[in-house]
Engineer: 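Submitted below is the structure of interest, expressed as structure tokens.
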Amino acid sequence: MGEPIRTLVLGGARSGKSAHAEACAVTEPVRYFATGRRDHTDEDWQRRIDLHRASRPQHWSTVETVTSLAASISEPWDGTTLVDDLGTWLTGMLDDAQAWERPRGTITPAVDDLVGAVAECTSTLVLVSPEVGLSVVPESHSGRLFRDELGLLNSRLAAVCDRVLLVVAGLVLTLKEPPAEFITARGEA
């Protein structure tokens, strides 16, 4: 049996990336790390979280987490770990560090921890992250900071993941795939 497959699923808003990532979670049991923090003052956000939760199979284990994501991924799991999504995780980390107006790299230790946890993950792992670098340069400092930090995070994760997919308009493009002998060793061919 080969090493576990770590998959990074990238895509724009409403591209179908989450649905595709959920379809990749075939090894049961599934633990789902939801990184969007609830905000009871934002009805639209609450509705989005509730709809997301309702769309998942009820037998999946759901954990809402931001600050302990790296440690949670590091915990052994005999199944699939799905993280949705890294853009909201990054936002939470920037919020917690009060880093929106600080220099780039303020949250590098947290990013290092996450990338290290992904690289060392011993279970099948599916990560969802927005691809925000294909548009115009944001006008605000915080917009540029988010775009740049997320782009760096996605690049670093792509380097340690076995498979990288890009979802555009519901269509999946393979950017990186493990070697065929790796997949055959896992019995997935």
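Counting from 1, the numbers follow the sequence of the chain as shown.
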Engineer: Rounded to the nearest 0.5 Å, what separation is found between the CZ atom of R163 and the OG1 atom of T7?
Structural biologist: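 Between atom CZ of R163 and atom OG1 of T7 there are 4.5 Å.
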
Engineer: Judged by atom type as modelled, is there a donor-acceptor pair below 3.5 Å linking the side chain of R31 to the main-chain atoms of V63?
Structural biologist: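 Flag not set: sc R31 to bb V63 has no pair under 3.5 Å.
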
Engineer: Show your reasoning for whether side chain to side chain contact (heavy atoms under 4.5 Å, CB included) applies to T91 and F146.
Structural biologist: CA-CA 8 Å; T91 299; F146 177 78; 3.5 Å; yes

Engineer: I'd like to check the side-chain contact (heavy atoms from CB on, under 4.5 Å) partners of A110; sequence neighbours left out, ordered by chain and number.
Structural biologist: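 Checked A110 against side-chain contact (heavy atoms from CB on, under 4.5 Å); matches are W89, M93.
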
Engineer: For L173, check side-chain contact (heavy atoms from CB on, under 4.5 Å) against everything at least two apart and list the hits.
Structural biologist: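 Listed in chain order: L166, V168.
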
Engineer: What do the steps show when you test T81 against T124 for side chain to side chain contact (heavy atoms under 4.5 Å, CB included), and what is the final call?
Structural biologist: CA-CA 6 Å; T81 299; T124 301; over 6 Å; no

Engineer: Can you tell me if Q58 has over 12 outside heavy atoms packed within less than 6.0 Å of its CD?
Structural biologist: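 No, not enclosed.
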
Engineer: Do V118 and Y32 share a hydrophobic cluster, counting only Ile, Leu, Val, Met, Phe, Trp and Tyr and linking them when any side-chain heavy atoms are less than 4.5 Å apart?
Structural biologist: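 No, it is not one cluster - the side chains of V118 and Y32 are not joined through contacts under 4.5 Å.
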
Engineer: Report yes or no: does K176 contribute a side-chain atom to a donor-acceptor pair with the main-chain N or O of C161 at less than 3.5 Å?
Structural biologist: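 Yes; judged by distance alone, with no hydrogens or angles, the pair exists.
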
Engineer: Between E120 (side chain only) and T122 (backbone N and O only), is there a donor and an acceptor less than 3.5 Å apart?
Structural biologist: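 No; judged by distance alone, with no hydrogens or angles, the pair does not exist.
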
Engineer: Under the side-chain hydrogen bond (donor to acceptor under 3.5 Å, both in side chains) rule, collect the residues that match up with T35, sequence neighbours excluded.
Structural biologist: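 side-chain hydrogen bond (donor to acceptor under 3.5 Å, both in side chains) list for T35, sorted by chain: T88.
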
Engineer: T62: which residues meet the side-chain hydrogen bond (donor to acceptor under 3.5 Å, both in side chains) condition with it, sequence neighbours left out?
Structural biologist: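 Checked T62 against side-chain hydrogen bond (donor to acceptor under 3.5 Å, both in side chains); zero matches.
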
Engineer: Report yes or no: does W77 contribute a side-chain atom to a donor-acceptor pair with the main-chain N or O of P29 at less than 3.5 Å?
Structural biologist: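 Here the side-chain-to-backbone pair exists.
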
Engineer: Side chains of K17 and L10: does their closest heavy-atom pair fall under 4.5 Å?
Structural biologist: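 A side-chain contact under 4.5 Å is absent here.
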
Engineer: Whether the side chain of D162 engages the backbone of R6 through a donor-acceptor N/O pair (distance < 3.5 Å, no angle test) should be reported.
Structural biologist: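 The answer is yes, because a donor-acceptor pair under 3.5 Å joins these two groups.
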
Engineer: Return each pair, listed once, that meets salt bridge (Lys or Arg N to Asp or Glu O under 4.0 Å) where at least one residue sits in residues 79-100; pairs must be two or more places apart or across chains.
Structural biologist: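 Residue pairs passing salt bridge (Lys or Arg N to Asp or Glu O under 4.0 Å), neighbours aside: R37-D96.
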
Engineer: Are any of the side-chain heavy atoms of V126 and V83 separated by less than 4.5 Å?
Structural biologist: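 No - every pair of side-chain heavy atoms lies 4.5 Å or more apart.
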
Engineer: So, T80 side chain and T27 main chain: donor-acceptor pair closer than 3.5 Å or not?
Structural biologist: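 Yes: the side chain of T80 pairs with the backbone of T27.
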
Engineer: Grab the two heavy atoms, one from V128 and one from S18, that are nearest each other, plus how far apart they are.
Structural biologist: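 It is CG1-OG, 4.0 Å.
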
Engineer: For D44, check side-chain contact (heavy atoms from CB on, under 4.5 Å) against everything at least two apart and list the hits.
Structural biologist: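 Only D42, R47, R48 meet the side-chain contact (heavy atoms from CB on, under 4.5 Å) criterion with D44.
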
Engineer: Give the cluster check for V160 versus L69: same hydrophobic cluster or not, with ILVMFWY residues linked at side-chain heavy-atom distances below 4.5 Å.
Structural biologist: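 Same hydrophobic cluster.
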
Engineer: Verify the cluster assignment for L8 and L114: are they in a single hydrophobic cluster under the rule of side-chain heavy atoms below 4.5 Å apart?
Structural biologist: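 Both belong to a single hydrophobic cluster.
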
Engineer: Do R102 side-chain atoms and A97 backbone N/O form a donor-acceptor pair below 3.5 Å?
Structural biologist: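 Yes, because the side chain of R102 sits within donor-acceptor range (under 3.5 Å) of the backbone of A97.
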
Engineer: Given the rule that I, L, V, M, F, W and Y join up when any side-chain heavy atoms are under 4.5 Å apart, are L127 and V111 in one cluster?
Structural biologist: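 Yes; V111 is reachable from L127 via cluster members.
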
Engineer: Give the table of side-chain donor-acceptor pairs shorter than 3.5 Å for residues 148-157, with sequence neighbours excluded, one pair per line with atom names and distance.
Structural biologist:
residue : atom : partner : partner atom : Å
D148    : OD2  : R104    : NE           : 2.8
D148    : OD2  : R104    : NH2          : 2.9
E149    : OE2  : G105    : N            : 2.8
N154    : OD1  : S129    : OG           : 2.6
N154    : ND2  : P130    : O            : 3.0
S155    : OG   : G151    : O            : 3.1
R156    : NH1  : D112    : OD1          : 2.7
R156    : NH2  : D112    : OD1          : 3.1

Engineer: Grab the two heavy atoms, one from A99 and one from L145, that are nearest each other, plus how far apart they are.
Structural biologist: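 Distance-wise, the nearest heavy atoms are O-CD2, 3.3 Å.
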
Engineer: State which residues pass side-chain hydrogen bond (donor to acceptor under 3.5 Å, both in side chains) with T174; sequence neighbours excluded, sorted by chain then number.
Structural biologist: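 Not a single residue meets the side-chain hydrogen bond (donor to acceptor under 3.5 Å, both in side chains) criterion with T174.
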
Engineer: Are any of the side-chain heavy atoms of H59 and E28 separated by less than 4.5 Å?
Structural biologist: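 Yes, close enough: below the 4.5 Å cut-off.
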
Engineer: Under the side chain to side chain contact (heavy atoms under 4.5 Å, CB included) criterion, do I73 and L125 qualify, and how do the steps go?
Structural biologist: CA-CA 8 Å; I73 288 172; L125 178 64; 4.3 Å; yes

Engineer: Is there a donor-acceptor pair closer than 3.5 Å between any side-chain N or O of S68 and the backbone N or O of A71?
Structural biologist: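 No.
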
Engineer: Group every Ile, Leu, Val, Met, Phe, Trp and Tyr by side-chain heavy-atom contacts under 4.5 Å, then state whether F33 and V9 land in the same group.
Structural biologist: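 No.
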
Engineer: With rounding to the nearest 0.5 angstrom, report the CG to OG distance, L82 to S123.
Structural biologist: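 L82 CG to S123 OG: 11.0 Å, rounded to 0.5 Å.
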
Engineer: Decide yes or no on side chain to side chain contact (heavy atoms under 4.5 Å, CB included) for V137 and R147, but give the supporting numbers first.
Structural biologist: CA-CA 8 Å; V137 176; R147 185 205 55 181; 3.4 Å; yes

Engineer: Just to verify, which of V172, V167, L171 counts as forming a side-chain contact (heavy atoms from CB on, under 4.5 Å) with S15?
Structural biologist: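 One option only clears the test, and that one is V167.
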
Engineer: What pairs with E64 under salt bridge (charged side-chain N to carboxylate O under 4.0 Å, His left out), at least two apart in sequence or on another chain?
Structural biologist: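 Listed in chain order: R38, R53.
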
Engineer: My understanding is that only residues two or more places apart in sequence, or in another chain, count here; which of them pass side-chain contact (heavy atoms from CB on, under 4.5 Å) with P109?
Structural biologist: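 Partners of P109 by the side-chain contact (heavy atoms from CB on, under 4.5 Å) criterion come out as none, since no residue qualifies.
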
